[in-house]
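Taking it in order: structure first as structure tokens, then the write-up.
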There are 2 protein chains.
Amino acid sequence: MNFQKRKRIILDKLTDMGEASVKELADEIGISEITIRRDLLILAGEGLLYRTHGGAMRLDLVKTPTNFTNKIASNAEAKDHICRLAARHIQEGDTIFMDCGSTVFRLCQFIKNKEIHVVTNSLPVLQELMDSSVKINLVGGEVDKERQAVHGKIAEEHIARYHFDKAFLGVDGISAAKGLSAHSELEAGITLTAAAHAEETYLLCDASKIGKDKYLQFAPATLANVIISNKKTEAVLDLAKAGLTVITD
Amino acid sequence: MNFQKRKRIILDKLTDMGEASVKELADEIGISEITIRRDLLILAGEGLLYRTHGGAMRLDLVKTPTNFTNKIASNAEAKDHICRLAARHIQEGDTIFMDCGSTVFRLCQFIKNKEIHVVTNSLPVLQELMDSSVKINLVGGEVDKERQAVHGKIAEEHIARYHFDKAFLGVDGISAAKGLSAHSELEAGITLTAAAHAEETYLLCDASKIGKDKYLQFAPATLANVIISNKKTEAVLDLAKAGLTVITD
DNA sequence: GTACATTTGTTCAAAAATAATCAATTTCGA
DNA sequence: TCGAAATTGATTATTTTTGAACAAATGTAC
């Protein structure tokens, strides 16, 4: 019985049962426990399973469920870096718009103590700034429970009544060639309207989204004045050539 | 039973129930309480739950320090009685307005499963109806952090764009002689606007407020069509004489 | 406010699982 | 066939996990 064969048996058992103990596997395969442990160490190293005390589990069972509102956002450090940079561009007295992207949300922690005026359509942003020195104006309209935001025609009309010093927006994809793209028409509408009524438009966008195009292309990249990201990749430099101010540190 | 498995069970229980006690979890999982405590300590450290005395809560339930979500609200039974009556007057398909009073807030629990459309300027109401079958429209405008509501001129203009089948409103005082009174101009403005655009206006008002006058008198009692209260006091009968429909049971 | 009960943190001990070391076995190529 | 390298197993030491006991802290009732 060689390693390859045991590997197959172990992984099969895991796909089947979800988990397995060292003892079980040793008995089933007819080999010593220590060998099983060594096998599990290797397989865990290859990222094929999760090693627990006494056995192993399938990876998907270990993943922390994401349906917590305070989800451990992916790319948290990158996003925090971006937001730290963005916060430097916000002066006391500014009126800013914040949209409902997960990157923009992380800007909250950096502006809590500023004396500014925030207009937003994002319910998590509202929640987060509730106990802060920030004055908040909420955009009215239809509540999108899934996205935890306010959207729709009335929301856009409402945004259009304001004038912002700066708008901080997230998009799902951006490229020099095809411009800004989004997953949702509703979000695109908000983004367009906010940008149209802002002195300066900042896009907060981690490097993974730059150079990517999503299904709905809704504006040229030059809708924004500034793009703040975490890495100076090829795709980012293309945007600089297109006339955008790029900030990465 | 390893930590990963317990973690799953604990988090699942929390997503389901919102909260769980150490004892419950220990019994359910079949392990000692101290182990559960250690697990909760770790999970709280990972930001996956909020540790309370004797157990744990889901984060999103903690984050909302909604002043009147707690059941210790004054006059809770009276208010619940009033709201139960009010809920009977709401039909499937209705579009209703709910304002930011603590009595009106308690109406939420009785309408969660109705297929209706709710327009509100109250953030606790929004929060409470977030996971329900109700469609929500949020009134936009200035956020009043203390009252947890949206107020102001823009809010009133926004309300004026809608038409409601029924408006459910709270006031701080009401008497046949001096009409409706409030503590705050902002709330009075919302009340007036909502009533003006509703087919029928319901006042939800426990007996302690009836016959009382607060500093700002802003409308005649006949602004409302119906008043729902918990007791048939002298002052309530005066309102009936003034032409209001009175409901107390 | 005090007194009481509950919950928690801490320390210690026992049990289980693991890592480390070394010996035995197998495999493979010259 | 011989020997080096890899694999496997056994033994021991270490680490991790769990539970129990008790003092401290917290919440509750009066």
Side-chain angles (χ1 to χ4, degrees), chain A residues 1-65, chain B residues 1-14 16-59 61-77:
Chain A
M1 171 74 68
N2 58 24
F3 173 69
Q4 304 307 331
K5 233 171 150 181
R6 292 198 305 272
K7 175 174 173 177
R8 275 190 62 81
I9 296 176
I10 292 171
L11 293 181
D12 283 353
K13 172 121 188 170
L14 279 185
T15 18
D16 238 35
M17 304 278 119
E19 62 176 335
S21 77
V22 171
K23 206 165 279 176
E24 270 169 37
L25 290 168
D27 285 353
E28 196 161 317
I29 299 180
I31 205 164
S32 74
E33 294 187 17
I34 184 147
T35 299
I36 295 293
R37 286 202 200 94
R38 281 194 268 244
D39 290 349
L40 295 183
L41 190 71
I42 295 169
L43 296 176
E46 292 177 16
L48 296 174
L49 51 77
Y50 183 86
R51 186 74 167 88
T52 65
H53 262 252
M57 287 179 83
R58 220 165 57 204
L59 283 174
D60 59 305
L61 295 178
V62 185
K63 254 196 303 185
T64 50
Chain B
M1 171 74 68
N2 56 30
F3 171 69
Q4 282 72 25
K5 241 175 139 177
R6 293 196 305 269
K7 173 175 172 177
R8 274 188 71 80
I9 295 176
I10 292 171
L11 293 181
D12 282 352
K13 173 120 188 169
L14 280 184
D16 245 33
M17 304 279 122
E19 62 179 334
S21 76
V22 171
K23 206 164 278 175
E24 269 170 37
L25 290 168
D27 286 352
E28 195 162 321
I29 299 180
I31 204 161
S32 75
E33 294 185 18
I34 186 153
T35 299
I36 295 293
R37 285 201 203 96
R38 282 195 267 244
D39 290 349
L40 295 183
L41 190 70
I42 295 170
L43 296 176
E46 291 178 19
L48 296 174
L49 51 77
Y50 181 83
R51 186 75 167 87
T52 64
H53 268 253
M57 285 180 80
R58 220 165 58 203
L59 279 176
L61 297 178
V62 183
K63 279 207 108 178
T64 346
T66 37
N67 306 350
F68 22 62
T69 336
N70 55 34
K71 325 228 155 162
I72 341 169
S74 58
N75 263 333
E77 310 100 63

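Chain naming here is simple, since letters A, B, ... match the order of the sequence lines and numbering starts at 1 in each. This one's a predicted model, so the numbers in the text were calculated from it and none came from an experiment. For the numbers below, each heavy atom of this structure counts, side chains included, while hydrogens, waters and symmetry mates do not.
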Which is true for A:T52 with a 4.0 Å heavy-atom rule: it touches a base, it touches only sugar-phosphate, or it touches nothing?
->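 Sugar-phosphate only.
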
Rounded to the nearest angstrom, tell me the gap between atom [atom1] in [X] and atom [atom2] in [N].
X	N	atom1	atom2	answer
A:D39	D:dA6	CG	P	17 Å
A:L40	D:dT8	CG	P	13 Å
A:L25	C:dT18	CG	P	11 Å
A:K23	C:dA15	NZ	C1'	11 Å
B:L41	C:dT7	CG	P	17 Å
B:K5	D:dT17	NZ	P	17 Å
A:R6	D:dG9	CZ	P	8 Å

If I compare all heavy atoms of [X] with all of [Y], which pair ends up nearest, and what's the gap?
X	Y	value
B:A56	B:T52	N-OG1, 3.4 Å
A:H53	B:N2	O-CB, 4.3 Å
A:E24	A:S21	N-OG, 3.0 Å

Got a sec, which residues hit salt bridge (Lys or Arg N to Asp or Glu O under 4.0 Å) with A:R51, two or more places apart in sequence or on another chain?
->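 Listed in chain order: nothing, the list is empty.
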
OP1 or OP2 of C:dT8 less than 4.0 angstrom from a side-chain nitrogen or oxygen of B:R51, does that happen here?
->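 For B:R51, the contact criterion (side-chain N or O under 4.0 Å from OP1 or OP2 of C:dT8) is met.
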
Kindly say if B:H53 contacts the phosphate of C:dT7, meaning a side-chain N or O under 4.0 Å from OP1 or OP2.
-> no

A:L49/A:I10 under side-chain contact (heavy atoms from CB on, under 4.5 Å): CA gap, chis, key distance, verdict | CA-CA 10 Å; A:L49 51 77; A:I10 292 171; 4.1 Å; yes

Is there a donor-acceptor pair closer than 3.5 Å between any side-chain N or O of B:R8 and the backbone N or O of A:L61?
->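 Side chain of B:R8 to backbone of A:L61, a donor-acceptor pair under 3.5 Å: yes, one is there.
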
Near DNA chain C, under 4.0 Å by heavy atom, which residues of residues 28-38 of chain A?
->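 DNA chain C contact set from residues 28-38 of chain A: A:I34, A:R37.
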
Step by step, would you call A:L14 with A:L48 a side-chain contact (heavy atoms from CB on, under 4.5 Å)?
-> CA-CA 10 Å; A:L14 279 185; A:L48 296 174; over 6 Å; no

Does A:V22 or B:V22 map to a spot on DNA chain C nearer the 5' end, using the closest nucleotide for each?
->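 Taking each residue's closest nucleotide, the earlier one in sequence belongs to B:V22.
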
